[in-house]
Each structure stands twice: as C-alpha cells, then as structure tokens.
Amino acid sequence: MIAKYNAKISGTGHYVPDKIVNNFDLEKIVDTTDEWIRTRTGMFERHHASSDQASSDMAYEAAAKALDAAGIRAKDLGMIIVATVSGDHPFPSTACILQKRFGVKGFPAFDVSAGCTGWIYAANIAKQYIENDIAEHILVVGVELLSKLINWDDRSTNVLFGDGAGATVISRSEPKDISRFIDSELSADGSHYDLLMQPAGGSRTPASKESVEKNLHTVYMEGNKIFKHAVKSMYHVCDLVLKRNHLDVKSIDWLITHQANLRIIEALGKKLKIDQDKVIVNIEKYANTSSATIPIALDECIRNSKIRHGDIVLMASFGAGLTSGSLLMRL
Ligand code: UT7
C-alpha cells in the first residue's frame, strides 16, 4: 500500500531524576566493584527516582520538552503512546495518565509493552498512523522507573538499571521536508520470553505474601543468555533495512542502539562495519533505562548539535520478549 504521507520526528525531550547513584555508591550496598561494573558493562552512573515519583511524572517532564521543541501544544496531538514495562500501575495505561496531566482528551492513548525495544515499537506504530493520515502529531514516550523493581539481593541485575524518560513528537512530513522515516523492521522471538521478566503480579502468578517474600515482583534476567541474542538480533534488523533500501553502512551518519552493555554496542558497531565515531554511547551516565535509552540519547545528541537536521540515523534495540527492532530515518 502506498502511504499518503511520510512521518518524521518533529521534537524531542528527555528527563532523568536528580538523584545520581554511581558505582562507588553501589559498592557500599551491593557485593560489587566499580571495576566489575565498568569493565563488564561500561556503566558508571545511573539516576534513581525519588519515592514519590512515578513513571508518568518523568514522562510528563520529557514530553513537555518534546512538545515545546516541536512547536505544538498537547491539544494538537492525535494520539499518545507510552512504551514502558514499569508504568504507574498494571492498568490503566500510563499514556492515559499522561493525557490527564496535559489536560487533553478525545483521542487514543495507550501503552506498548516490548521491553527495551518499546520506543522503537511505539514509534513504528505512530509512523503507520501518520502515514495513513489518521493523526498529524503523535506523542511517543519511552519511560522506565526500574529502580523500584530492582531486587537488591541480586547483584547480576541490581547494578544495571537507571530511571528516565525520552519523548518524541512524530508528525506528518510535508513534501518539501527532507526529514522522514525511511524504513523500520520489528521482530520478536517469544520462545525465550522467560529470560527477562517480572515473574509475579500478573495473572500467571498474582501478588501474594509468598510472591513478595520471594522477590518475584522484581526484574529477573539471565543476562549472559540474553547477551548472545542481543548482537545477533540487532544486527539482523539493521542489516535488513540497510539492504532493503540499498544503503551502504557508509551512508549512515549515526547509529543509536539500546544502551544495555558497552560490549554489546561495540560488537554491533563492529559487525555492521560502521565507524565507531558514529556510534552513540551514553551508557556511562544513565546505565540501562530500557525503553528510554534511545529517545534519551537522540534528544541529547540533537540538543548538543551532534546530530543535525538532515543526518541519516539508524536505531536498533533489543529486549524482553525477546523483542528486537530497527528504525532508519533522516532527521
Ligand atoms: O536491556 C535488556 C536486554 N539486556 C541485555 O542486553 C543484558 C545483556 N547481558 C549483559 O549485559 C551481561 O550478561 C551482564 C552485564 C548482565 C553480565 O555480564 P557477564 O559478563 O555476562 O557476567 P556473568 O553473568 O556471566 O557473570 C560473570 C561473573 C559471575 O561470577 P563467577 O561465577 O564467574 O565467579 C557473577 O557472579 O560475574 C559475577 N557478577 C558480579 N560480580 C560483581 C555478576 N554480577 C556482578 C556484579 N558485581 N554486579
């Protein structure tokens, strides 16, 4: 089907909580070392939300900046999509809470659960609605507050995650505009769904005294098994969009990948044969903010003029599900 319009990113924003927890702070409460965290992951600092903050609070701050950058108001939106696995409540959606915070209504608002690939999934959904002329502006937010879902007895996960939100306004690209989504690819392999999950709190294992005592409402991850899938699946979705669009990797100005592990980011860059200077890395400052890593990195790079209007950007992510996805766009 021929799309009626193209979609583009018209504004970005991000928010991270004030409280910074670095590796030395973690050394005091977890059986870990700065050296282990740095060499195994590339992480140094992460931001943790305060006890009275919820995901929608962070999403609101990031979204307000993105709307401002896009030069539109919340009433101009035709849809809100929030990518999260750590929303304010299991239901209703954090997107509906965000809609209320902006004082608007009368258009769809929903969450997408695709783990760390959430923002790529949500941006892709928004792209379809824009291309088919169902909405003109869609707010897409990736937000996670995983510090409240951490198992402080499990050092293999508790040092890895940070809180934050990255927001984007996805809008119709006018014919004279060079900015547009070029292509995208989404995938999932549900056969490994149990490698990364929050085991309890859903209909399979509802909340009980036992589920709380066993820490089943926190992040469970078999990190080294996930690691093996990460590079392979992100490479696959990147390679597909490059080939489909007859693009050599040399024509890509920037690669923004999910920030879960510096070794994964570098290995993907190497496999794609992209110049390492074009690979965006901010994992040392924020650690793994799951669905927020890519929109946070994108906003940072746009605000400090590293990524400029007209640049070709390839994005790729990987996460719980196991999901994976890529997005190719001209900014
Ligand atoms: O964002 C969603 C997708 N997630 C990912 O992509 C995460 C992918 N996985 C990873 O990034 C890595 O697997 C981790 C960073 C999670 C772990 O690194 P690893 O090199 O795979 O370590 P490992 O789990 O194989 O553990 C190696 C050793 C173990 O000790 P022994 O058995 O070799 O003595 C662990 O007990 O490291 C130990 N270890 C730690 N040591 C100090 C695990 N966590 C820690 C820690 N501090 N925090």
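A quick note: this is a predicted structure, and the numbers were derived from the prediction, not measured. Along the sequence shown, residues are numbered consecutively beginning with 1.
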Side-chain atoms of residues 263-272: list all donor-acceptor pairs with protein atoms under 3.5 Å, sequence neighbours left out, distances to 0.1 Å.
{"residue": "Arg263", "atom": "NE", "partner": "Arg40", "partner atom": "O", "Å": "3.0"}
{"residue": "Arg263", "atom": "NH2", "partner": "Arg40", "partner atom": "O", "Å": "3.1"}

Verdict with reasoning, Phe44 to Asp34, per side chain to side chain contact (heavy atoms under 4.5 Å, CB included): CA-CA 8 Å; Phe44 179 59; Asp34 169 57; 3.6 Å; yes
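- For the side chain to side chain contact (heavy atoms under 4.5 Å, CB included) test with Ser184, the passing option among Leu327, Val237, Leu328 is Leu327; the others fail.
- In summary, Lys214 and Glu210 engage in a salt bridge, as defined by a charged side-chain N under 4.0 Å from a carboxylate O.
- The shortest side-chain heavy-atom distance between Gln276 and Val281 does not fall under the 4.5 Å cut-off.
- Counting heavy atoms from C-beta on, the side chains of Ser179 and Arg330 never come closer than 4.5 Å.
- Looking at Ser56 and Asp88, their side chains do bring a donor and an acceptor atom within 3.5 Å of each other.
- Between His47 and Asp18 there is no side-chain heavy-atom pair separated by less than 4.5 Å.
- Two residues are said to be in side-chain contact when any heavy atoms from C-beta on lie closer than 4.5 Å; Phe181 and Asn6 fail this criterion.
- Taking Tyr60 as the reference, Phe102 meet the ring pair (Phe, Tyr, Trp, His ring centres under 6.0 Å) condition, with sequence neighbours excluded.
- The side-chain heavy atoms of Thr32 and Asn158, taken from C-beta on, include no pair separated by under 4.5 Å.
- Heavy-atom contacts from other residues, nucleotides or ligands closer than 6.0 Å to CZ of Arg308 number 12 or fewer.
- Here the side chains of Ile280 and Lys306 are in contact, with some heavy-atom distance below 4.5 Å.
- For the residue pair Glu284 / Tyr286, no side-chain donor-acceptor distance below 3.5 Å is found, with atom types taken as modelled.
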Test log, rule side chain to side chain contact (heavy atoms under 4.5 Å, CB included), inputs Ile138 and Val169: CA-CA 6 Å; Ile138 299 180; Val169 176; over 6 Å; no
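- Between the side chains of Glu144 and Thr289, no donor N or O sits under 3.5 Å from an acceptor N or O.
- Evaluation of the side-chain hydrogen bond (donor to acceptor under 3.5 Å, both in side chains) rule for Lys278 yields no partner, not counting sequence neighbours.
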Audit row: Leu331, Asp253, side chain to side chain contact (heavy atoms under 4.5 Å, CB included) steps and yes/no: CA-CA 10 Å; Leu331 265 177; Asp253 294 306; over 6 Å; no
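- Under a cut-off of 6.0 angstrom, the local environment of CZ in Arg73 is sparse, with at most 12 non-hydrogen atoms contributed by other residues, nucleotides or ligands.
- If you chain together hydrophobic residues whose side chains sit under 4.5 Å apart, Ile296 and Val313 never meet in one group.
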